[in-house]
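By convention in this document, chain letters (A, B, ...) are assigned in the order of the sequence lines, proteins followed by strands, and residues within each chain are numbered from 1.
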There are 2 protein chains.
Amino acid sequence: MTKGHIKLADVAKAAGVSQGTASNVFSRPEVVREEVRERVLGIARELGYNGPDIKGRLLRAGRINAIGVAAIDPLAYFFEDPWARALMTELATVCDATGTGIALVSAQNQQKLAWNINSALVDGFILLCVEGGEKLVELTRRRQLPFIALALGGGDASIPAIGIDNIAGAATVARHLAELGHHRFAILAIGLNSDHVGAVTPEQAVRSLKSTSRDRALGYWQALADFGIGREDVPMYGTQNDRLSVDAALEELFATAKPPTAILAMSDRIALLAMQWLAGRGLAVPGDVSVVGFDGVPEAATAGPGLTTVAQPLQEIARRAVAAILEDAMPPLQEALDVTLIVRGSTAPPRLD
Amino acid sequence: MTKGHIKLADVAKAAGVSQGTASNVFSRPEVVREEVRERVLGIARELGYNGPDIKGRLLRAGRINAIGVAAIDPLAYFFEDPWARALMTELATVCDATGTGIALVSAQNQQKLAWNINSALVDGFILLCVEGGEKLVELTRRRQLPFIALALGGGDASIPAIGIDNIAGAATVARHLAELGHHRFAILAIGLNSDHVGAVTPEQAVRSLKSTSRDRALGYWQALADFGIGREDVPMYGTQNDRLSVDAALEELFATAKPPTAILAMSDRIALLAMQWLAGRGLAVPGDVSVVGFDGVPEAATAGPGLTTVAQPLQEIARRAVAAILEDAMPPLQEALDVTLIVRGSTAPPRLD
DNA sequence: GATTAAGATTGAATCGGTTCAATGAAGTTT
DNA sequence: AAACTTCATTGAACCGATTCAATCTTAATC
């Protein structure tokens, strides 16, 4: 603001000490004689100098004390999406403990994102790879800073990543429903080509789903196969993880002659949206339809009825991710953590008919 | 990682040009002859140099392209508290449009917060002053960067702030209930001394509430006075804006002989928690008790029933706050924006008795 | 009083770039 | 051929600090 900004050198000169000493007064006070320290501090205050400017310190020390969390989505994603939020809460808690700051870096279009990643002032990146993970990894790699990918799903083994066992998780939750006696299932998937409408065949799904979603589909199918239900008997719809696409899918699904009694949603968000749609349609959960989600976000617990879901160990994920960046404690590549089934009120045996 | 990090100077030497030219190749490509540019870029690629390091650029140029959002709360606050989240969503949207990054700076204890504020790499600060606002402002001031306070409430006119008209908002919502025919009110306030238990007298409230809460109380009282209801007839309880304190207050409130038929909550969060408590207690909303909130967070719309509340113009607040920092467009000090009443399902005429 | 050790201070190098006045080279005008 | 432009490039200063080997003080020990 004031154009004649005073810097450390000015203070040093005014106090009649070397710049080195002046620097020590602020950064390593114990090394300078008390009398001198007082004098320098006095002059500094007089001149309106409030301690070393970070920009200078930074250049020398190199360590920024902040980690960047990146995603290919509008910045608002971090505050809107339940999973992202739950994860961020845990990340924030871990960062708090270590005195590390968090910088949000994001953008919808790739060019801007590239710029943002390149100019983010951070010591490393945590990548939320729900969308366009590979691109995100590629952009980050250029920066030559430590990074770790979350929710990346299978693929390239050269990418340091922390993930969860999507197949086992999906299988667990599908088995839960099958054991309750359900026979008619439907899957609400995440992220099929947005222009596609209507149910997709298993072949289409395997081909076009990104790996996280594909693994979850495989898990569902695997568990249901044990109960004699083939994958072609389970209609599957793509959604964009938003209300519009979920509503559209359900609309079509429940227009059929024999609608499902159990819905396998690939995210809690989808599941919660589905429950809202069902409620609006006068269908009782779990009376008419059982619903399960995936992720274990807090909203799943407070919804009415509570949502049965598979919980990710977000706290553990956060802890490891931050450690990976800060302590350069890169995990064994492609680590997959276990998930746990949480049974709540949204699932029950099917109505006898 | 690779210890022998190559820098611009290395590239310049290897390419046989001056460092100045090398710099231009990256920062102002149009000024250097194409042939030279190509050669330098080639060498750079060969050496594994990915463009200028921000830290160096930063020192010279000074502009960071990120704004800090600060609060005296754990970092997780930004992702958990509904109001903070709604605000962050809007801030994020505005920042997205201008290509500005967001750095979260926070801490529970003041010492750490001071450090974090001092070392945050940002061009300016937006202060969430719900808690300990004065302290936050004081710490930020030292940094000598542009800043603007949100939710600060009255007080010091020398602090640039954007606020809302708490008195008018509170009056509006209280009048809405009174016009429906309610006579027995109760107020759930934010942020009385945590050690206090039980209802507080108006005098106590005026003395110990922070200014935002006090203004809302004044608004309630003012509107109710027009309907012949004195402030001493409206029991008021302090809460910490969390479930524990809200439950405790309601527990006591509904143990009385003539419990209220209308609850004035000073935040949507409190209101939503109250509705959950009432539901658990078997009291119907709005059948047995009407509830209103304050803030206008998204959750208020999706709750069942929808929460009647007073909405803050968060988008406008966000827009102005970001403009204030980025364009140094400091607003007229202590600006107060209007709020709007949103009537939903949580309010109805009282049951006749 | 001479010798050491410990502590405080200095000065210059360094971090990794950007910027700008000055220089050089090539082309144009009179 | 001299004078004037234009455009590309150079070299050095600068941004605001930290760091460390070397020097200077002071106090303690023999």
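- Formation of a donor-acceptor pair under 3.5 Å by the B/R143 side chain with backbone atoms of B/A120 is found in this model.
- Within the structure, every side-chain polar atom (N or O) of B/R57 is placed at least 4.0 Å from both OP1 and OP2 of C/dG16.
- A distance of 13.5 Å separates SG in B/C129 from NZ in B/K135, rounded to the nearest 0.5 Å.
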What do the steps show when you test B/V25 against B/L41 for side chain to side chain contact (heavy atoms under 4.5 Å, CB included), and what is the final call? CA-CA 8 Å; B/V25 168; B/L41 284 175; 3.9 Å; yes
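- Looking at heavy-atom distances under 4.0 Å, B/F26 makes no contact with the nucleic acid at all.
- When the nucleotides C/dT10, D/dT18, D/dG11 are ranked by their closest atom to the side chain of A/R60, D/dT18 comes out on top.
- As a whole-Å value, the separation of A/E35 CD from C/dA8 P is 12 Å.
- Sequence order on DNA chain D of the closest nucleotides to B/V31 and A/G51 puts B/V31 first from the 5' end.
- In terms of phosphate contacts, A/S18 brings a side-chain nitrogen or oxygen within less than 4.0 Å of OP1 or OP2 of C/dT10.
- Close to D/dT9, at under 4.0 Å from its OP1 or OP2, lies a side-chain N or O of B/R33.
- Look at B/E138 and B/R141 and you find no salt bridge, because none of the NZ, NE, NH1 or NH2 atoms lies under 4.0 Å from a carboxylate O.
- Look at CG on B/N24: it is 9 Å from P on D/dT9, rounded to the nearest Å.
- Note: CZ (A/R37) to P (C/dA8) measures 10 Å, nearest angstrom.
- Summarising the geometry, the separation between CD1 on B/I64 and C1' on C/dG17 is reported as 15 Å, rounded to the nearest angstrom.
- For A/I54 and B/G20, each mapped to the nucleotide of DNA chain D holding its nearest heavy atom, the one lying further toward the 5' end belongs to B/G20.
- The side chain of A/V36 has C/dT9 as its nearest neighbour among D/dA17, C/dT9, D/dT19.
- Spacing between atom CG of B/L8 and atom C1' of D/dG11 amounts to 14 Å, rounded to whole angstrom units.
- Atom CG of B/L58 is separated from atom C1' of C/dT18 by 12 Å (rounded to the nearest Å).
- Neither side chain, A/R60 nor A/S23, offers a donor N or O lying under 3.5 Å from an acceptor on the other.
- Computed from coordinates, the A/K55 NZ to C/dT18 C1' distance equals 14 Å when rounded to whole Å.
- Atom CZ in A/R28 sits roughly 14 Å away from atom P in C/dG7 (whole-Å rounding).
- The side chain of B/D53 lies closest to C/dG16 when the candidates are C/dG16, D/dA17, C/dT18.
- Rounding to the nearest 0.5 Å gives a distance of 6.0 Å between CG of B/L91 and CD1 of B/I67.
- Side chain A/Q19 to base D/dG16: no donor-acceptor pair is found below 3.5 Å.
- In this structure, B/K7 reaches the sugar-phosphate backbone alone: every heavy-atom distance under 4.0 Å involves primed, P, OP1 or OP2 atoms, never a base.
- Distances were taken from every side-chain heavy atom of A/L59 (C-beta onward) to each of C/dG16, C/dG17, D/dA8; the shortest belongs to C/dG16.
- Residue B/S23 places no side-chain N or O under 4.0 Å from the OP1 or OP2 atom of C/dG17.
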